[in-house]
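Everything numeric here is computed off the predicted structure, so don't read it as measured data.
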Amino acid sequence: MLKKFLTVAAVALAGLFSTQPAEATNTLATAIGGYDAVSYFEDGAPKQGQAKFHHFWNGAVWFFSSEENRDTFAAEPTAYAPQYDGYCAWAASQNYKRPGDPNVWQIKDGKLYLKVHEGAQKKWRADIPTHIAQGDENWVRI
């Protein structure tokens, strides 16, 4: 019985620390493809996180490139987590969901927004204030 429990636990932990990109949901997943959310703000570019610097928040495991970034995020996660749970901000403004690409991003008014691809980024940038207002309004329904 103990051997079966340990096997199940080992399989669960192996999946927990996978760095495969995952759609943002309320189930435990790797947030923003394993990228360090703090690095967008502190370094001006996304950095791949490491499993040894992890934090659990909002139904996901978040990876960071350093212990300092992990602790910064843990102190105030909503200041660093992408808007719309990491889904594409352009899609949210159009009333649907698409996974955000951690490499297609923008910080606006201190908030991180991911997009599904460069085409969505271009459309987003055409009228950012309107798209944010639409995304915020739509997000509660989608």
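For the atom pair Leu114 CG and Gln106 CD, the distance stands at 11.0 Å (nearest 0.5 Å).
Within the 4.5 Å cutoff, no side-chain heavy atoms of Thr72 are placed close to those of Phe64. A heavy-atom distance below 4.5 Å is found between the side chains of Ile32 and Pro82. For the pair Trp57/Thr78, a side-chain contact is recorded, criterion being any heavy-atom separation below 4.5 Å from C-beta on. Contact check for Arg125 versus Trp90: no side-chain heavy atoms found under the 4.5 Å cut-off. With a 4.5 Å cut-off on side-chain heavy atoms, Glu42 and Asp36 do not count as touching. At least one side-chain heavy atom of Asp136 sits less than 4.5 Å from a side-chain heavy atom of Tyr84. No side-chain heavy atom of Val116 sits under 4.5 Å from any side-chain heavy atom of Asp101.
Aromatic ring pairs are classed by plane angle as parallel below 30°, tilted from 30° to 60° and perpendicular above 60°; the pair Phe73 and Tyr80 is tilted.
Side-chain atoms of Ser93 do not come within 3.5 Å of backbone N or O of Ile132 as any donor-acceptor pair. Although no hydrogens or angles enter the test, the distance criterion places no donor-acceptor pair under 3.5 Å between the side chain of Tyr40 and the main chain of Tyr35. Looking only at distances, a side-chain donor or acceptor of His131 sits under 3.5 Å from a matching main-chain atom of Lys123.
Considering every non-hydrogen atom in both Ala89 and Trp124, the closest pair reads CB-CZ3, 3.5 Å. Annotation for Pro46 and Trp105: closest pair CD-NE1, 3.4 Å, computed over non-hydrogen atoms. Nearest heavy-atom pair, Ala31 versus Ala60, reported as atom, atom and distance to 0.1 Å: CB-CB, 4.0 Å. Between Ala120 and Cys88, the closest heavy-atom pair is CB-SG, 4.2 Å.
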Could you go through Asn69 and Trp62, starting from their C-alpha distance and side-chain angles, then the distance that decides it, and tell me whether this counts as side chain to side chain contact (heavy atoms under 4.5 Å, CB included)? CA-CA 11 Å; Asn69 281 9; Trp62 298 73; over 6 Å; no

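Sorted by first and then second residue, the side-chain hydrogen bond (donor to acceptor under 3.5 Å, both in side chains) pairs involving residues 109-119 (not counting sequence neighbours) are Lys115-Gln121.
Contacts of Asp43 classified as salt bridge (charged side-chain N to carboxylate O under 4.0 Å, His left out), with partners at least two apart in sequence or in another chain: Lys47. Residues satisfying the salt bridge (charged side-chain N to carboxylate O under 4.0 Å, His left out) test with Arg70, not counting sequence neighbours, are Glu67.
A single hydrophobic cluster is not seen to contain both Val104 and Phe41; linkage of ILVMFWY side chains at heavy-atom distances under 4.5 Å, directly or through other members, places them apart.
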